[in-house]
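Have a look at the structure below, then the notes.
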Amino acid sequence: MSGWLVTGGAGYIGAHVVRSLRTAGERVVVLDDLSTGVRARLPEGVVCVEASVHDLPALTKALGEHSIDGVIHLAAKKAVAESVAEPIRYYRENIGGITTLLEAMADTGVTCLVYSSSAAVYGEPPWSPISEDTPAAPKSPYGETKLIGEWAIRAAAAISELSWVSLRYFNVAGASEPGLADTSANNLIPMVYAALDSGENPEVFGTDYPTPDGSCIRDYVHVADLAEAHVRAAQYTRQAQRGDVFNVGTGTGASVWEVMAAISEQIGRDVDAVASRRRAGDPPELVASVDRIAGVLGWQATRTLADMVRR
Ligand code: UD1
């Protein structure tokens, strides 16, 4: 029976991907250094190799020993602000990770790859929705490393049998069960709950943007939908040699005020959000065009904003 190695499988997104793969009947092995991943997020019976994606011998051994035929590569650093403060660390972690993995795959003849990319590769395109053909122009070291990772994969595929898909995530949110929630709390919904838990008012960063209600618009996608997109992508890479990039979003934007309203609805009282200054570097609107992933992978998001704000 063939199997998938999920790097970063004990992380927030990884744990959801592992569950979706198993639901689809795929065999899964996780490789995670447990720096931010948590073993308890993994369902019973999933083998977890505790190793870094920078460890070529450990990767090669894991790919060979477990009869892996494809890799879903999620292990990476993902905080935009941190990447601005520590760019070289982001370059080392994210580029080092994907290039070491590509080397291990080449050494062991593993040919299928699903890569975790980001809408951050687009930077601030002046139009919306954003299609995959929009020129990439990242505005942060984080976005740069994700784009360079895509380039590395393309270059490797040009001289090998590598069959790959890159998924450019928009704003991932929610959890399929409370124990799988994102614990890094750098994003809007976890930050609102963190404020509420400590008796503070959540803040709306910028209320003078050129949007209908003045707050920023994003394309929030439920992590369980995102996980199912990985399964479709993985199966697609296995069918024939591919090389494709897909946005993963809902195709519909929600403003920060709308997210606040959804949370108020969820908790049964007003969150009492307060208008605050703009946060540096936030584009007014980022919404995905999702036609390509619907047409090629037959995937579309089914969960709503109400599902994403549920605790
Ligand atoms: C950013 C990245 C994205 C990355 C994601 C997760 C860009 C363009 N986007 O998304 O690639 O995957 O981080 O790290 O670099 N907000 C508030 N109050 C808060 C918190 C947030 O109003 O307390 C607003 C922000 O100003 C923003 C929206 O909520 O408009 C979403 O913010 P956030 O969840 O941090 O994600 P992005 O910055 O959109």
Side-chain angles (χ1 to χ4, degrees), residues 8 11-13 36 74 76-87 90 93-94 115-126 128-130 134 136-147 149-150 166-174 181-198 200-223 226 247-250 253-264 271-288 305 308-309:
Y12 160 59
I13 295 173
T36 55
L74 304 164
K77 294 274 144 211
K78 64 161 188 177
V80 175
E82 190 179 62
S83 81
V84 176
E86 299 176 71
Y90 267 67
E93 292 282 346
N94 290 0
Y115 173 70
S116 162
S117 187
S118 168
V121 302
Y122 295 117
E124 291 186 34
S128 188
I130 303 164
T134 302
K139 291 262 183 206
S140 66
Y142 166 68
E144 288 161 10
T145 63
K146 286 289 157 180
L147 182 59
E150 290 186 0
S166 176
L167 297 177
R168 293 176 173 171
Y169 313 161
F170 279 65
N171 288 64
V172 185
D182 191 3
T183 46
S184 59
N186 275 320
N187 298 108
L188 174 60
I189 297 167
M191 282 173 75
V192 172
Y193 278 117
L196 294 173
D197 288 346
S198 51
E200 287 159 18
N201 294 93
E203 292 177 64
V204 178
F205 295 156
T207 53
D208 57 352
Y209 285 99
T211 59
D213 68 15
S215 67
C216 286
I217 294 175
R218 294 288 180 274
D219 187 336
Y220 298 91
V221 57
H222 196 289
V223 65
L226 173 73
N247 288 339
V248 191
T250 62
S255 74
V256 177
W257 287 119
E258 285 169 340
V259 173
M260 296 292 183
I263 296 173
S264 299
V271 298
D272 286 327
V274 292
S276 178
R277 290 232 299 273
R278 287 185 180 196
R279 188 175 68 177
D282 278 340
E285 179 168 347
L286 289 174
V287 177
L305 191 56
M308 293 181 230
V309 300

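Both counts, for ligands and for their atoms, begin at 1 and track the order of listing. Everything numeric in this text was worked out from a predicted model, so none of it was measured. No hydrogens, no waters, no symmetry mates; every other heavy atom, side chains included, goes into these values. If you read the sequence from its start, that first residue is 1, and numbering goes on from there.
Contact atoms of ligand 1 toward Val204: 22 (O) (distance under 4.0 Å to a heavy atom of the residue). Interface atoms of ligand 1 facing Asn186, defined by a heavy-atom separation under 4.0 Å, are 35 (O). Interface of Leu188 with ligand 1, defined as ligand atoms under 4.0 Å from a residue heavy atom, comprises 16 (N), 17 (C), 18 (N), 19 (C), 20 (C), 21 (C), 29 (O), 33 (P), 34 (O).
Contact annotation: Tyr220 has at least one heavy atom less than 4.0 Å from an atom of ligand 1. Look at Leu286 and you'll find a heavy atom under 4.0 Å from some atom of ligand 1. Put simply, no part of Ala119 is less than 4.0 Å from ligand 1, judged by heavy atoms.
Between Tyr122 and Phe170, the ring planes lie tilted relative to each other; the angle falls in the 30° to 60° range.
When hydrogens are left out, the protein atom nearest atom 22 (O) of ligand 1 is Phe205 N, 2.8 Å; that is the closest non-hydrogen contact. Among all protein heavy atoms, the one lying closest to atom 1 (C) of ligand 1 is Val80 CG2, 3.9 Å. Of all protein heavy atoms, the one closest to atom 24 (C) of ligand 1 is Val256 CG2, 3.7 Å. Closest protein heavy atom to atom 14 (O) of ligand 1: Lys78 O, 3.2 Å. Of all protein heavy atoms, the one closest to atom 12 (O) of ligand 1 is Ser118 OG, 4.0 Å. Taking atom 10 (O) of ligand 1 as the reference point, the nearest protein heavy-atom neighbour is Asn171 ND2, 3.6 Å. In terms of protein heavy atoms, atom 30 (O) of ligand 1 is closest to Cys216 CB, 3.0 Å. Nearest to atom 18 (N) of ligand 1 among the protein's heavy atoms is Glu203 O, 2.7 Å.
Rounding to the nearest 0.5 Å gives a distance of 9.0 Å between NZ of Lys77 and CD of Glu86. The structure places OG1 of Thr211 at 9.0 Å from CD of Glu258, a figure rounded to the nearest 0.5 Å.
Within the 4.0 Å heavy-atom criterion, the part of Asp282 lying near ligand 1 is the side chain and not the backbone.
With hydrogens and angles disregarded, no donor-acceptor distance shorter than 3.5 Å links the side chain of Asn187 to the backbone of Ala173. No donor-acceptor pair under 3.5 Å is formed between the side chain of Ser276 and the backbone N or O of Phe205. Put simply, the side chain of Asn171 never gets that close to the backbone of Arg218: no donor and acceptor are under 3.5 Å apart.
Remark: among candidates Met191, Arg279, Lys139, the nearest residue to atom 35 (O) of ligand 1 is Arg279, based on non-hydrogen atoms.
Annotation: cation-pi geometry satisfied between Lys146 and Tyr115 (NZ/CZ under 6.0 angstrom from ring centroid, within 45° of ring axis).
Counting heavy atoms from C-beta outward, Pro202 and Leu196 have side chains that approach closer than 4.5 Å.
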